[in-house]
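One is the number of the first residue; the rest follow in order along the sequence.
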Amino acid sequence: MDSLFPGDKSQLVSMEIGKKYNLGFNRLVRFEITTSGGSIISGFIPANEYLEVTNGGDITSADINIHDIQKGPQEV
């Protein structure tokens, strides 16, 4: 995946069926995964943590939105 910066939105172009992917970044990101059945799975991945995804052939899209790092302590 190319480098992403705050405010960027990227769609994961290709997720091979049966292959496990670890999605993680050094910033807070919001993800949204859509399945062929119409289910939408969304949430946040904290900085330096990972979401493990294995495509079983039903993922139609996976979007990643990068959030800017706020100054000072922030509730997430």
Write down the atom of Pro46, the atom of Leu28, and the distance for their closest heavy-atom approach.
->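 So the minimum-distance heavy-atom pair works out to CA-CD1, 4.1 Å.
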Identify the heavy atoms of Glu16 and Asn55 that sit nearest to each other, and give their distance.
-> O-CB, 3.7 Å
Is the backbone of Tyr21 close enough, under 3.5 Å, to the side chain of Tyr50 for a donor and an acceptor to pair up by distance?
->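 No; judged by distance alone, with no hydrogens or angles, the pair does not exist.
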For the side chain of Thr34 and the backbone of Thr60, is there at least one donor-acceptor N/O pair under 3.5 Å apart?
->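 No: the side chain of Thr34 does not pair with the backbone of Thr60.
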CD1/Ile45 to CZ/Arg30 distance, rounded to the nearest 0.5 angstrom?
->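 The CD1 atom of Ile45 sits 11.0 Å away from the CZ atom of Arg30.
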For Ser39, which residues count as a side-chain contact (heavy atoms from CB on, under 4.5 Å) partner, sequence neighbours excluded?
-> Thr35
Do [X] and [Y] come close enough that some side-chain heavy atom pair is under 4.5 Å?
| X | Y | result |
| --- | --- | --- |
| Glu32 | Ile40 | yes |
| Asn22 | Leu51 | no |
| Asn65 | Phe31 | no |

Assess whether side chain to side chain contact (heavy atoms under 4.5 Å, CB included) is satisfied between Asp63 and Ile33, documenting all intermediate values.
-> CA-CA 6 Å; Asp63 297 320; Ile33 298 171; over 6 Å; no
Where at least one partner belongs to residues 49-59, residue pairs that pass salt bridge (Lys or Arg N to Asp or Glu O under 4.0 Å), sequence neighbours excluded = Lys20-Glu52
